[in-house]
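Throughout, a chain's letter reflects where its sequence line sits, starting with A, and its residues are numbered from 1.
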Amino acid sequence: MQGKALPGFRDFYPEDLTLRNHIFATWRSVAARYGFEEYDGPPLEALDLYTRKSGEEIEQQLYSFRDKGDRDVALRPEMTPTLARMVAARGQALKKPIRWFSIPQLFRYERQQRGRLKEHFQLNMDIIGETSALADAELIAAAIDIMRAFAFGPGDFKVRMSDRRVLRTLLLGYDIREDSLQQAFAMLDKTGKDEEWVTWQLGGAYTGSGQTSRPIPRRSLIGLEPVSELLSSLPGGGHAIEPLRETVATLTTMGLGDFVEVDLTIVRGLAYYTGIVFELFDTQHKLRAIAGGGRYDGLLKAAGGPDLPALGFGMGDVVLSELLKERGVAPKASIELGAFLIAVGGDDMPLVLKLAHAMRDRGIAVEYGLRHAGVRKQLELAAARGAPRAVIIGPEERQAGLAVVRDLNAGTEAKVPLDKLLNGYFD
RNA sequence: GUGGCUGUAGCUCAAUUGGUUAGAGCGCCGGACUGUGGCUCCGGAGGUUGCGGGUUCAAUCCCCGUCAGCCACCCCA
């Protein structure tokens, strides 16, 4: 068992690459529909691009090393710092809001498991320079429509959304101290699906009242109405819920309401999110999150860029591939031949070559046997290559100026004048 | 990074209490079939049993180490 790719890295055989290309094509198609422009950056960056502000979570899993010029470098673990740098460099010149997408290959150093490798491709869609909740809805709609473009429906996946501003108001209202919010977020994130009550084991030191915080019934964190009700009793609650309410309303107006549910136990691991955060899950909840993102208004400035509001999401190819394979969504073959040409004898080969080249010049994909063999063998090969028809040329056909066109699916045959074939017609 | 389970042909799996030349199906190549594919039949290639060491007359099987995969934790994309 030698000659395998490094652990956590993938070889893409033709059938694998066919699926990957299908995914990329769908991503690009929907992104274009939403008016997003594609950009890219280098896969290798200076290490300090990530150690500065991206969040310590990512730092410990960086695929980093020192290069031959004694520079500390890292394979990019995420696209946002690169995006921030690129926007910063041209910030003044770019018309806002900026709508950009990219499909970078991202890396991290950690032990692999199903759906988590050392490398993956991830669609990144970002909107920069817009605070309106319409922007949040736009981005979530794009994520939903990508899944719809893969033929997934409301029964297959859901978007669960929350809002850091709501969470913050909620926790402060429940006497969690400001400097303990991140810890409280983390506990909320880990809340099990079957737990009835959400509690914070922070102890008196972390709550404003000096007492252990009150538990919250889990059911009041799920759904827009229960959450609204919960917030209405807290100081500033009515104001804090507005962006979330507006985003949900916008998505509902678009007709995407069936895909969305409010769930305040969605937090997202990254520290830099400031507003709405969301994740896409398969409804069976067998796999990891399909996609995730949110609003990160302070990040560009913190990363040394312009002070612009921003939001974005990432969707990886690994979990998505698993889902597509599980649903048996078969992508088309990587090649689609128009015909397979067959020379009955060696004397027929020149005409086959001439015909093949004429057809290829007309944009028709054709193949022929590269080694002389019997007709039976060549038909076998034609079928194996997935050709819809075989064009058979033998001495009799050459004599009559015809060729036998055999439909390999139906098993029927017709004689077609060579002139027609040379001009790219099979009948 | 921690712990558990598992490693036999390209794939899915066999191989008496440790026993002689490690088998089968599928796939691949060839033949029956030198002008007609999918079926059938026949044949062939393909293994240092993940790797290294130990116990034993003898190891695919038992022990240790290591690597890899899967699962959980951690964490996240």
Legend entry - RNA chain B: stems of at least 3 consecutive Watson-Crick or G-U pairs whose donor-acceptor distances fall under 3.5 Å: B:1-7 with B:67-73, B:10-13 with B:23-26, B:28-32 with B:40-44, B:50-54 with B:62-66

Legend entry - Span that lies between the P atom of B/U16 and that of B/C11, in whole angstrom: 23 Å

Inset, instruction - Please state the P separation for the pair B/U36 and B/G31 - nearest whole angstrom. - result: 15 Å

Legend entry - Distance between C1' atoms of B/C70 and B/G30 (Å, rounded): 39 Å

Legend entry - Within 45° cone and under 6.0 Å: A/Lys118 NZ/CZ vs A/Phe107 ring: no

Inset, instruction - Pick the C1' atom in B/C33 and in B/C41, then give their distance to the nearest Å. - result: 12 Å

Which atom pairs, donor and acceptor, lie under 3.5 Å between side-chain atoms of residues 298-319 of chain A and protein residues at least two apart or in another chain?
from: A/Asp317; atom 1: OD1; to: A/Phe121; atom 2: N; distance (Å): 2.9
from: A/Asp317; atom 1: OD2; to: A/Arg10; atom 2: NH1; distance (Å): 3.0
from: A/Asp317; atom 1: OD2; to: A/Arg10; atom 2: NH2; distance (Å): 3.2

Legend entry - Ring centroid separation A/Phe157 to A/Phe259 under 6.0 Å: yes

Legend entry - Integer angstrom distance from the C1' of B/U49 to that of B/G7: 10 Å

Inset, instruction - Scan residues 370-384 of chain A for pairs that pass salt bridge (charged side-chain N to carboxylate O under 4.0 Å, His left out), counting only residues two or more places apart or in two chains. - result: A/Lys377-A/Glu380

Legend entry - Euclidean distance for C1', B/A59 against B/C51 (whole angstrom): 16 Å

Legend entry - salt bridge (charged side-chain N to carboxylate O under 4.0 Å, His left out) partners of residues 408-420 of chain A, not counting sequence neighbours, each pair once: A/Arg406-A/Glu413

Inset, instruction - Scan A/Arg371 against the nucleic acid and name what it touches under 4.0 Å (heavy atoms): base, sugar-phosphate only, or nothing. - result: sugar-phosphate

Inset, instruction - Report which part of the nucleic acid A/Leu6 touches: base, sugar-phosphate, or nothing (heavy-atom distance under 4.0 Å, all strands). - result: nothing

Inset, instruction - Compute the ring centroids of A/Phe36 and A/Phe101, then answer whether they are less than 6.0 Å apart. - result: no

Legend entry - Nearest-Å distance for atom pair CD/P, residues A/Gln113 and B/C75: 14 Å

Legend entry - Pairwise salt bridge (charged side-chain N to carboxylate O under 4.0 Å, His left out) hits with a residue in residues 126-137 of chain A, at least two apart: A/Asp136-A/Arg295

Inset, instruction - Take nucleotides 34-41 of chain B nucleotide by nucleotide from the 5' end and write B, S or -, depending on whether a protein heavy atom sits under 4.0 Å from the base, only from the sugar-phosphate, or from neither. - result: -BBBB---

Legend entry - A/Phe150-A/His22 aromatic ring centre distance below 6.0 Å: yes

